[in-house]
Asker: 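There's a structure below that I have some questions on.
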Amino acid sequence: MFGKKKKLRKDLPAIDLRKKPVKRLFGQTKLVATTKREQRATKKRLMEHYPDRYYVDDLYEWNSISGRDALSWIDDIEAYDALLGE
């Protein structure tokens, strides 16, 4: 029982916690970055309702997914190579 993790479902979309909507003038909304403290608090509330979901955040926990895709490092190398090549 101790330390047993629930099985996460890969068929459900991940919940993104990196940005939050903020009201602006004249009823407009804007997405701003959230702090790690806000991400933890939001994740704690959401885990009560959705315990089997993945979360996109910057916390590096067992059910977290990083915001970048797996092969984005190739784009970084190509951009660095293009910068030095010219």
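One-based numbering along the sequence shown. What you see below is based on every heavy atom in this structure, not just the backbone, and it leaves out hydrogens, waters and symmetry mates. These numbers were taken from a predicted model, which means no experiment stands behind them.
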Asker: Would you please name every residue forming a side-chain hydrogen bond (donor to acceptor under 3.5 Å, both in side chains) with Arg9, sequence neighbours left out?
Answerer: Asp11
Asker: If Ile, Leu, Val, Met, Phe, Trp and Tyr residues are connected whenever their side-chain heavy atoms lie under 4.5 Å apart, and connections chain through other members, are Trp62 and Tyr54 in the same group?
Answerer: yes
Asker: Do any side-chain atoms of residues 43-50 form donor-acceptor pairs under 3.5 angstrom with protein atoms, and if so which ones, sequence neighbours left out?
Answerer:
unit_1 : atom_1 : unit_2 : atom_2 : d
Lys43  : NZ     : Asp57  : OD2    : 3.3
Lys43  : NZ     : Glu61  : OE1    : 2.9
Lys43  : NZ     : Asn63  : OD1    : 2.8
Lys43  : NZ     : Ser64  : OG     : 2.8

Asker: Could you pull out every donor-acceptor pair under 3.5 Å between side chains of residues 28-36 and any protein atom, sequence neighbours left out?
Answerer:
unit_1 : atom_1 : unit_2 : atom_2 : d
Thr34  : OG1    : Leu17  : O      : 2.9
Thr34  : OG1    : Arg18  : O      : 3.3
Thr34  : OG1    : Gln39  : NE2    : 3.2
Thr35  : OG1    : Glu38  : N      : 3.3

Asker: Taking the side chain as everything from C-beta on, heavy atoms only, tell me whether Leu59 gets closer than 4.5 Å to Arg40.
Answerer: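 Yes, side chains in contact.
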Asker: What is the minimum heavy-atom distance between Leu8 and Pro51, and which atoms define it?
Answerer: CD2-O, 3.8 Å
Asker: Is Asp52 close to Leu12 at the side-chain level, that is, under 4.5 Å between some pair of heavy atoms?
Answerer: yes
